[in-house]
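For reference, positions follow the sequence shown, starting with 1.
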Amino acid sequence: MDTRPSSRPLRTFGAALTAVALLSSGCSAGASSPPAASLSKKAVPAALKPYYEQTLSWRPCGGAEFECATLKAPLDYARPGTGRDLSLAVSRKKATGPGRRIGSLLVNPGGPGGSAVGYLQSFAAVGYPAQVRARYDMVAMDPRGVAGSEPVTCLSDKQMDAFTQTDQTPDAPGETDRLVAAYKKFARGCADRSGRILGHVSTVEAARDMDVLRAALGDRKLHYVGASYGTFLGATYADLYPHRVGRLVLDGALDPALSSRRINRDQTAGFETAFTAFAKDCVRRTGCPLGTRSVADARDRLAAFFTRLDSHPVRTGESRALGEPLATMGVISAMYDEAAWPQLRTALRSAMRGQGGGLLSLADLYYERDTDGSYANLMYANPAVNCLDLPPAFRTPAEVRKSLPAFKKASPVFGETLAWAALNCAYWPVRPTGTPRPLHAKGAAPIVVVGTTRDPATPYPWARSLAAQLSSATLLTYDGDGHTAYGRGSRCIDDAINTYLLTGRPPAPRTRCR
């Protein structure tokens, strides 16, 4: 799901236990948000002017080429100026030239919960094409509740360790009760530790923060590249402020018109597609840990391995054993990028021989668990945003059980785990403020939507649907594997997006790259 091959935060799937089920979100209407037209056409309300007219105080950070600042935004846009403000982390790298500066290019790697500032400083500001970096100030802002922007927290690191090892495929009443108890404990922890901000981390509010940042940067239009969940954030901005849209690239697109349950089921099928591609490659190789007979045989062997781990975890070389929950997430972690397949083959081979350290490392990479046992904020911010943006996929364990056949049909390997993952928002302490609905962005400048045909996390039909919803969108198709296309080695994709960012000319309709 990356805009770069090794980027960890770019998920729309999220931790199986912490995601709103697969960590995507649909469109949030936002309880306190006025209609889109009133935001895009009317003058800034007097109560918001201090935010829009603020001056950013830049300081060196993250290396000699970067600057950082803090943006002030109202906690609640319905009650600005009451002293309940948020401090949002912003970073930039100025345009390097030569050539006329076009403006600021805001980037977001996805999640929800991925640090945009971290993505900028570790990749975008050095890895995006030189001609783009020459003409734009590269800018990122951690969305509210994420990383440097008053991050949501929910559990201690030891509690999170226990949470990630909770059985995600309950096959007895007691196991179901323990899973529900884990979700409830997680939700209570979020309320206790982050109650001030928990009701104000919706995508609509984050999009409104982006417009405040646009003004503070002195830009008349917003130029933006968003990946994965970042496409939903960008499309939401375009729907709220269509006349302030500059050049928007939405890569690995979400479909905001889908319900949470449909999103989860579609993503389940997407991960099955990615596993099929992995298995096809694996069974051709001598020594494939899933055999060399067929994809169906590989699928059966992996499912049997997970079943064994459910009752007989294997050692890992540390205090945590590798059971079914962590093993499943380790495999899923490698589905985002073909470059991880060799590591997955080695990890599976070792785990099947009784040493699970390799799969545990892949799971830790997914959960953003550091070697010192600490967790990044992504696994907390992710459900906080998702559970606010959409009504829960399921409200009771009985609803999950009723849907298990559909999820298992979508993925015999991952279906059961991902169906139960979709239950967590049923116990969330804050009511959702959004509902699924199409986004139109009527009157916006041309927008480029990018879809990858074998995308595991944001299935290609979602990109087609978003491009059809947005009134001025062009769909750019990458016929390949992986979660996003820009910056992943397809010269055709890169050239098309670079031309758009530098000239404003979108690709020809129905452009397809291989």
Side-chain angles (χ1 to χ4, degrees), residues 2-7 10 55-69 71 89-109 115-142 210-211 213-227 230 234 237-238 243-251 444-450 472 474 476 478 484-508 511 513:
D2 304 322
T3 309
R4 65 183 179 112
S6 62
S7 176
L10 305 184
T55 299
L56 297 177
S57 297
W58 296 99
R59 61 190 183 279
C61 68
E65 297 178 315
F66 292 100
E67 297 176 308
C68 288
L71 183 81
V90 181
S91 184
R92 75 176 176 187
K93 180 184 177 185
K94 289 186 176 181
T96 57
R100 179 184 57 83
R101 177 185 174 275
I102 295 172
S104 303
L105 182 63
L106 188 66
V107 297
N108 184 280
S115 171
V117 170
Y119 173 69
L120 174 78
Q121 295 183 356
S122 65
F123 176 69
V126 293
Y128 272 31
Q131 59 268 44
V132 172
R133 294 183 280 119
R135 304 285 300 281
Y136 286 96
D137 292 345
M138 301 293 294
V139 179
M141 177 172 65
D142 285 342
M210 286 166 55
D211 198 55
L213 175 61
R214 173 200 59 76
L217 292 170
D219 290 338
R220 189 174 63 88
K221 301 280 188 177
L222 181 85
H223 306 300
Y224 176 83
V225 176
Y237 179 90
H243 299 290
R244 297 177 191 167
V245 167
R247 300 166 192 178
L248 263 64
V249 177
L250 308 178
D251 186 7
I447 296 170
V448 174
V449 176
V450 186
S472 60
T474 296
L476 177 58
Y478 175 55
T484 57
Y486 188 43
R488 293 181 59 88
S490 169
R491 183 171 180 178
C492 170
I493 290 287
D494 289 354
D495 287 349
I497 294 177
N498 293 347
T499 297
Y500 167 68
L501 290 175
L502 295 173
T503 69
R505 295 194 303 270
T511 295
C513 294

K.L.:
So, for Ala445 and Gly246, which heavy atoms are closest and what is the spacing to 0.1 Å?
P.N.:
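Nearest pair, atom of Ala445 first, then Gly246: CB-O, 3.7 Å.
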K.L.:
What pairs with Arg491 under salt bridge (Lys or Arg N to Asp or Glu O under 4.0 Å), at least two apart in sequence or on another chain?
P.N.:
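Listed in chain order: Asp495.
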K.L.:
What heavy-atom pair brings Ala496 and Leu476 nearest, and what distance separates the two atoms?
P.N.:
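Between these two residues, the closest heavy atoms are CB-CD2, 3.9 Å.
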K.L.:
Can you check whether Tyr486 reaches Pro129 side chain to side chain, under 4.5 Å on heavy atoms?
P.N.:
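When only atoms from C-beta onward are counted, Pro129 and Tyr486 do touch, with a gap below 4.5 Å.
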K.L.:
Looking only at non-hydrogen atoms, find the nearest pair between Tyr478 and Ala485 and report the distance.
P.N.:
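Closest heavy-atom pair between Tyr478 and Ala485: CB-CB, 3.7 Å.
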K.L.:
Which atom pair, heavy atoms only, marks the closest approach of Ala89 to Val117?
P.N.:
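Heavy atoms of Ala89 and Val117 come nearest at O-CG2, 3.8 Å.
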K.L.:
Using side chain to side chain contact (heavy atoms under 4.5 Å, CB included) as the criterion, list what pairs up with Ser57, not counting sequence neighbours.
P.N.:
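None.
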K.L.:
Check whether any side-chain heavy atom of Lys94 lies under 4.5 Å from a side-chain heavy atom of Trp58, and answer yes or no.
P.N.:
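They are not in contact (no side-chain heavy atoms under 4.5 Å apart), so the answer is no.
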K.L.:
If the condition is side chain to side chain contact (heavy atoms under 4.5 Å, CB included), which residues does Cys492 pass it with, not counting sequence neighbours?
P.N.:
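Partners of Cys492 by the side chain to side chain contact (heavy atoms under 4.5 Å, CB included) criterion, ordered by chain and then number, come out as Ser490, Cys513.
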K.L.:
Hey, are the side chains of Leu56 and Leu213 touching, using non-hydrogen atoms and a 4.5 Å cut-off?
P.N.:
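SC-SC contact between Leu56 and Leu213 confirmed.
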K.L.:
Backbone N or O of Tyr128 within a donor-acceptor pair of the Arg133 side chain at under 3.5 Å?
P.N.:
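Such a contact is found between Arg133 side chain and Tyr128 backbone.
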K.L.:
Measure the CG-CG distance between Leu250 and Asn108 for me, rounded to the nearest 0.5 Å.
P.N.:
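The CG atom of Asn108 is 11.0 Å from CG of Leu250, to the nearest 0.5 Å.
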K.L.:
Of all residues at least two apart in sequence or in a different chain, which pass the salt bridge (Lys or Arg N to Asp or Glu O under 4.0 Å) check with Arg92?
P.N.:
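Partners of Arg92 under the salt bridge (Lys or Arg N to Asp or Glu O under 4.0 Å) test: Glu67.
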K.L.:
Just how far is it from atom OH of Tyr237 to atom CG of Leu106, taken to the nearest 0.5 Å?
P.N.:
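Separation between the atoms: 9.5 Å.
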K.L.:
Tell me every residue that passes salt bridge (Lys or Arg N to Asp or Glu O under 4.0 Å) with Lys93, counting only those two or more places apart in sequence or in another chain.
P.N.:
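Salt bridge (Lys or Arg N to Asp or Glu O under 4.0 Å) check on Lys93 returns Glu65.
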K.L.:
Mark yes or no for whether Asp251, through its side chain, and Ala227, through its backbone, hold a donor-acceptor pair below 3.5 Å.
P.N.:
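Flag not set: sc Asp251 to bb Ala227 has no pair under 3.5 Å.
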K.L.:
CG of Asp137 to NE2 of His223: how many Å apart, nearest 0.5 Å?
P.N.:
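With rounding to 0.5 Å, CG (Asp137) is 10.5 Å from NE2 (His223).
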K.L.:
Closest heavy-atom contact between Ala134 and Ala95?
P.N.:
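Where Ala134 meets Ala95 most closely, the heavy atoms are O-CB, 3.3 Å.
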K.L.:
In this structure, are over 12 heavy atoms from other groups packed under 6.0 Å from Arg59 atom CZ?
P.N.:
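Yes, the 6.0 Å shell around CZ holds more than 12 heavy atoms from other groups.
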K.L.:
Say whether, by atom type as modelled, one donor and one acceptor occur between the side chain of Arg214 and the main chain of Lys221 under 3.5 angstrom.
P.N.:
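Not at all, since once roles are kept as given, no pair shorter than 3.5 Å links the two residues.
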K.L.:
With a 4.5 Å cut-off on side-chain heavy atoms, are Thr474 and Pro446 touching?
P.N.:
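In short, these two side chains do not touch, never coming nearer than 4.5 Å.
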K.L.:
So if I apply the side chain to side chain contact (heavy atoms under 4.5 Å, CB included) rule between Leu120 and each of Val107, Val90, Leu105, which one comes out positive?
P.N.:
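It is Val107; the other options fail the test.
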K.L.:
Is any side-chain heavy atom of Leu501 closer than 4.5 Å to one of Val225?
P.N.:
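They are in side-chain contact.
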K.L.:
When you compare the side chain of Arg247 with that of Ile102, does any pair of heavy atoms fall below 4.5 Å?
P.N.:
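Of all side-chain heavy-atom pairs linking Arg247 with Ile102, at least one is under 4.5 Å.
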K.L.:
Are Tyr224 and Val245 packed together at the side-chain level, in the sense that at least one heavy-atom pair is separated by less than 4.5 angstrom?
P.N.:
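SC-SC contact between Tyr224 and Val245 ruled out.
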K.L.:
Name all residues meeting the salt bridge (Lys or Arg N to Asp or Glu O under 4.0 Å) criterion together with Asp219; count only those two or more places apart in sequence or in a different chain, and write none if there are none.
P.N.:
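Scan of Asp219 (salt bridge (Lys or Arg N to Asp or Glu O under 4.0 Å), adjacent residues dropped) gives Arg101.
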K.L.:
For side chain to side chain contact (heavy atoms under 4.5 Å, CB included), just list the numbers for Leu222 and Arg244, CA-CA rounded to whole Å, side-chain angles, deciding distance to a tenth of an Å, and then say yes or no.
P.N.:
CA-CA 6 Å; Leu222 181 85; Arg244 297 177 191 167; 5.7 Å; no
K.L.:
Please report the interatomic distance OH(Tyr119) to CE(Met138), rounded to the nearest 0.5 Å.
P.N.:
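Spacing of OH (Tyr119) from CE (Met138) equals 7.5 Å.
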K.L.:
Would you mind reporting whether Gln121 and Ser115 have side-chain heavy atoms less than 4.5 Å apart?
P.N.:
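Of all side-chain heavy-atom pairs linking Gln121 with Ser115, none is under 4.5 Å.
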